[in-house]
Amino acid sequence: MKKIFRAAAAVSAAAMALTIAVPAAVTEKKAVQIDANAAVDDCNDDWLHAKGSRLYDKNGNEVWLTGANWFGLNCIEYSPHYLYAGDIDDMLSEVADRGINVIRFPISTELILSWKNGTPYQISAGGMQAVYNPPVDQDDGNGGIVKAGTYGNLNKDFVESDGKTLITSDKGFDIILDKCKKYGIKAFIDIHSPHADNSGHNYNLWYGKETTGDGTMVTTEIWQDTLVWLADKYKNNDTLLGYDLKNEPHGKGPEGDKAAKWDGSTDENNWAYAATNCADAILDVNPNALIFIEGVEQSLSGAMPGDYWGIADRRDNSPYIGAWWGGNFRGAREYPIKPKHGTSQIVYSPHDYGPSVYAQTWFDKDFTTQTLLDDYWYDTWAYINKEEIAPLLIGEWGGHMDGAENQKWMELLRDYMIDNHINHTFWCLNTNSGDTGGLWKNISCGQQQGSTKIDWEENKYALMEKALWQTSETGKYIGLDHQRPLGLNGTGLSLNEYYGKYSSTEGSNLDGGTKADGKVDPDTQPTTDPKDEVVYGDANCNGEVRLNDAVLIMQAIGNPDVYGINGSSKSAITEHGIKNGDVYNPGTGLTNQDALSVQKFLINLISELPEKSE
């Protein structure tokens with residue numbers, strides 16, 4: 001048997017930051033009871049990682065991020081738009097019930113900087129309707145009581161104790177994440193612009209722009225430091241899965257250092273260099289976060305020897321190859337993003353649009369999937385997926401339903417993403433995107449939660465809905481949380497439910513519709529320990545003691561049909577895992593107290609495993 005001492009433990013940053021309540025003295029196994037489902041849900045166990053072109057959960061099961069954008073935090077209202085027309089609980093619950101399992105939230109460096117500096121901007125009254133009137137029970141003057149919220153109960157979590165003053169934007173973002181978690185939705189942020197501006201996306205770079213608040217010049221250092229600060233703040237909140245480092249870095253080659261490029265230099269406007277450094281800095285504080293990296297607009301074509309970034313364009317033999325803003329990854333072939341932390345958290349995130357946004361040359365024919373691949377997609381971004389270089393997430397796609405070329409393009413891209421396990425977030429939920437429109441047509445409400453009415457662009461939603469992750473026969477939407485199902489009305493599943501019951505029986509629409517065993521990533525699967533050696537704490541038998549071991553113990557107890565000794569999950573505990581996990585008074589069997597002992601060990605409350613009662 002092998003005792004595990006502090007020096008020999010492999011402890012993640014997330015585990016070291018875990019806070020649990022531990023009794024002063026534990027004298028028997030029944031002294032402390034842990035609610036297995038609640039504990040697992042709060043144990044930071046939903047982080048994802050990449051291998052090849054796919055994303056996997058902690059158990060090595062493949063996942064598919066299929067969501068939408070909700071902008072507004074990047075704008076001068078400092079909150080997602082349309083909270084001035086509806087209640088956040090009503091809106092997010094409906095979003096989840098309709099199968100959207102992740103939301104990309106555009107935000108500005110300026111807003112995060114205000115949080116970091118301790119001077120958070122207040123949510124704009126024009127950006128949110130929030131009331132709780134009266135804020136407390138009141139005497140009605142006739143011997144009766146007027147209950148709090150009688151006259152108004154809308155977005156009540158966003159107002160101060162007076163029932164009407166809006167809270168600051170940092171507190172608002174916390175509430176948004178809590179609401180996402182409530183409905184089984186995951187999230188990631190997108191640095192949409194350096195400054196808070198409803199048109200800030202038009203700016204080329206991640207630096208070199210003054211804030212609208214106090215005129216602070218946003219530098220590369222400030223951009224990176226604010227992201228690192230945010231990643232550190234939320235490193236124990238797996239609702240916020242990752243960080244899209246910069247929306248659509250762009251600019252045309254002749255602009256020189258005013259445009260984003262992708263090459264092997266250390267120039268400040270080299271997006272590949274900046275993104276690699278920023279990825280490493282974020283992963284230093286949260287090695288579990290996904291890092292979404294967009295492309296640029298133009299790349300050098302190699303048309304003529306001696307061409308360089310900044311050279312004037314030519315009518316013939318152009319030195320540049322164009323793309324959508326943020327869509328060009330041609331430079332990644334020679335200069336891929338390879339942080340010192342490795343590539344397990346890197347996701348490339350192109351944007352792609354149709355002819356209703358701009359009449360690109362690849363639409364100047366009766367285009368098909370093959371012509372799009374030949375003329376644009378493959379060499380620009382699709383090769384990354386096809387050649388198993390990294391996962392893709394199409395961070396923005398969408399547009400107007402014109403019954404013609406734009407709709408045809410959306411259908412072709414949608415089907416390509418389904419067939420090739422490409423993650424995506426549709427642009428957008430909002431109705432107020434001028435060049436694309438949104439999934440919502442109109443939103444209205446009264447003064448009470450539950451009164452929100454969302455009119456959806458049903459034809460557009462129906463087109464996009466086919467690319468939402470769902471079971472093949474019963475059409476249940478699949479979320480990214482292991483415990484919480486997606487939505488509250490029974491149309492959605494948790495990851496544990498899907499892989500425990502549905503994946504091998506009916507499968508999902510991932511990879512074009514196949515029965516799935518998870519396409520298991522072998523690097524995350526348990527290895528077999530020597531039969532005669534017990535490694536205390538290593539419940540999943542992978543050679544290390546981590547928070548996942550405590551999680552597996554609780555899962556095996558709380559959901560034995562899936563994670564018990566004969567459970568249906570591929571990550572179910574084994575006989576040897578039970579021996580390893582029996583760390584509190586060994587020989588007395590597996591209980592929640594064993595999970596507590598592992599957690600205590602990981603945060604240095606005890607120095608070794610096993611733990612024995614006094």
Side-chain angles (χ1 to χ4, degrees), residues 55 63-74 80-82 91-92 94-106 180 183 185-190 192 201 241-242 244 247-248 292 294 324-327 347-357 377 381 391-402 406-441 443 454-470 477-480 486-487 492 509-510:
L55 288 170
V63 300
W64 195 18
L65 279 63
T66 59
N69 287 264
W70 189 1
F71 67 79
L73 282 162
N74 55 306
H81 283 178
Y82 291 93
M91 296 166 79
L92 282 178
E94 190 161 341
V95 165
D97 287 341
R98 284 192 175 238
I100 290 167
N101 66 18
V102 65
I103 296 177
R104 178 179 181 257
F105 286 104
C180 285
Y183 298 108
I185 301 170
K186 296 300 182 183
F188 65 97
I189 64 145
D190 140 55
H192 217 62
H201 60 282
L241 288 177
D244 187 336
N247 179 72
E248 297 179 350
F292 300 94
E294 300 188 31
W324 292 110
W325 290 1
V347 179
Y348 290 107
S349 186
H351 291 184
D352 207 88
Y353 282 108
S356 73
V357 174
W377 285 353
W381 54 259
L392 289 176
L393 179 137
I394 308 296
E396 293 183 16
W397 68 289
H400 294 295
M401 298 287 287
D402 60 357
N406 198 72
Q407 192 167 331
K408 173 184 173 182
W409 162 81
M410 280 198 287
E411 292 171 350
L412 293 176
L413 179 59
R414 175 201 64 196
D415 294 345
Y416 187 77
M417 293 189 298
I418 293 171
D419 292 341
N420 292 276
H421 55 267
I422 294 174
N423 308 278
H424 62 92
T425 47
F426 191 85
W427 187 271
C428 54
L429 290 169
N430 308 55
T431 72
N432 58 329
S433 178
D435 53 1
T436 65
L439 290 169
W440 295 329
K441 181 189 300 182
I443 300 173
I454 302 177
D455 293 325
W456 290 70
E457 291 280 1
E458 295 292 356
N459 290 338
K460 183 183 290 189
Y461 170 73
L463 183 150
M464 185 271 286
E465 188 270 346
K466 293 182 180 180
L468 296 177
W469 195 17
Q470 57 195 278
Y477 300 117
I478 305 164
L480 302 170
L486 184 61
N509 58 338
L510 183 63

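Bear in mind the structure is a predicted one, so any value in this text is a computation, not a measurement. The figures that follow rest on heavy atoms only: side chains count, while hydrogens, waters and symmetry mates do not.
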Quiz item: Are side-chain N/O atoms of W325 and N247 paired as donor and acceptor at under 3.5 Å?
Solution: no
Self-check item: Heavy-atom closest contact (G354 atom, W324 atom, distance)
Solution: O-CH2, 3.7 Å
Quiz item: Under 4.5 Å between any side-chain heavy atoms of V102 and I185, yes or no?
Solution: no
Quiz item: How far does CG of N423 sit from CG of L510, to the nearest 0.5 angstrom?
Solution: 8.5 Å
Practice problem: Using the side chain to side chain contact (heavy atoms under 4.5 Å, CB included) rule, pick out the option among T436, L429, T431 that qualifies with S433. | Solution: T436
Quiz item: Parallel, tilted or perpendicular: which describes the rings of W64 and H424, with under 30° parallel and over 60° perpendicular?
Solution: perpendicular
Quiz item: Considering only heavy atoms from C-beta outward, does the side chain of C428 approach that of L439 to under 4.5 Å?
Solution: no
Practice problem: For residues C180 and F105, determine if any side-chain heavy atom of one lies less than 4.5 Å from a side-chain heavy atom of the other. | Solution: yes
Practice problem: Please check if any side-chain donor atom of E465 sits under 3.5 Å from a side-chain acceptor atom of Y477, or the reverse. | Solution: yes
Quiz item: Just how far is it from atom CG of N69 to atom CG of D190, taken to the nearest 0.5 Å?
Solution: 7.0 Å
Quiz prompt | I478 side chain reached by V63 side chain, heavy atoms, under 4.5 Å | solution = no
Quiz item: Say you draw a straight line from CG of L480 to CG of N101; how long is it, rounded to the nearest 0.5 Å?
Solution: 4.0 Å
Exercise. To the nearest 0.5 Å, tell me how far T425 OG1 sits from D244 CG.
Key: 8.0 Å
Exercise. Would you indicate whether the side-chain heavy atoms of M464 and W397 approach each other to under 4.5 Å?
Key: yes
Quiz item: Do F426 and I100 come within less than 4.5 Å of each other through their side chains, counting heavy atoms only?
Solution: no
Quiz prompt | Distance-only donor-acceptor check, side chains E248 and H201, under 3.5 Å | solution = no
Quiz item: At their closest point, which heavy atom of G395 faces which heavy atom of S349, and how far apart are they?
Solution: N-OG, 3.5 Å
Quiz item: Does G438 offer a backbone N or O that forms a donor-acceptor pair with the side chain of N430 under 3.5 Å?
Solution: no
Quiz prompt | Separation of L393 CG from E294 CD (nearest 0.5 Å) | solution = 9.5 Å
Quiz item: What class does the angle between the rings of H192 and W427 fall in, given that below 30° is parallel, 30 to 60° is tilted and above 60° is perpendicular?
Solution: parallel
Exercise. List the steps and the verdict of side chain to side chain contact (heavy atoms under 4.5 Å, CB included) for V95 and I454.
Key: CA-CA 10 Å; V95 165; I454 302 177; 5.8 Å; no
Quiz item: Would you find a donor on one side and an acceptor on the other, under 3.5 Å apart, between the side chain of D455 and the backbone of I443?
Solution: no
Self-check item: Minimum side-chain heavy-atom gap I394-H351 below 4.5 Å
Solution: no
Practice problem: Look at the aromatic rings of W70 and W440 and report parallel, tilted or perpendicular, splitting at 30° and 60°. | Solution: perpendicular
Self-check item: Intermediate values then yes/no, side chain to side chain contact (heavy atoms under 4.5 Å, CB included), L486 and Y183
Solution: CA-CA 6 Å; L486 184 61; Y183 298 108; over 6 Å; no
Quiz item: Salt-bridged, K466 to E411, with N to O below 4.0 Å?
Solution: no
Quiz item: Heavy atoms, side chains only, cut-off 4.5 Å: are Q470 and T66 in contact?
Solution: no
Quiz item: How far apart are the closest heavy atoms of R414 and A467, and which atoms are they?
Solution: CG-CB, 3.6 Å
Quiz prompt | Heavy-atom donor-acceptor pair, N406 side chain to D402 backbone, under 3.5 Å | solution = no
Quiz prompt | Partner residues of K408 under the side chain to side chain contact (heavy atoms under 4.5 Å, CB included) criterion, sequence neighbours left out | solution = D366, F367, L412
Quiz item: Below 6.0 angstrom between ring centroids: does that apply to F292 and F188?
Solution: yes
Exercise. Please lay out, stage by stage, how E457 and R98 fare under the test salt bridge (charged side-chain N to carboxylate O under 4.0 Å, His left out).
Key: CA-CA 13 Å; E457 291 280 1; R98 284 192 175 238; over 6 Å; no
Quiz item: Hey, does the side chain of D352 reach the backbone of E396 with a donor-acceptor pair shorter than 3.5 angstrom?
Solution: no
Quiz item: Which distance, rounded to the nearest 0.5 Å, do you find between the CG of L392 and the CG of L65?
Solution: 12.5 Å
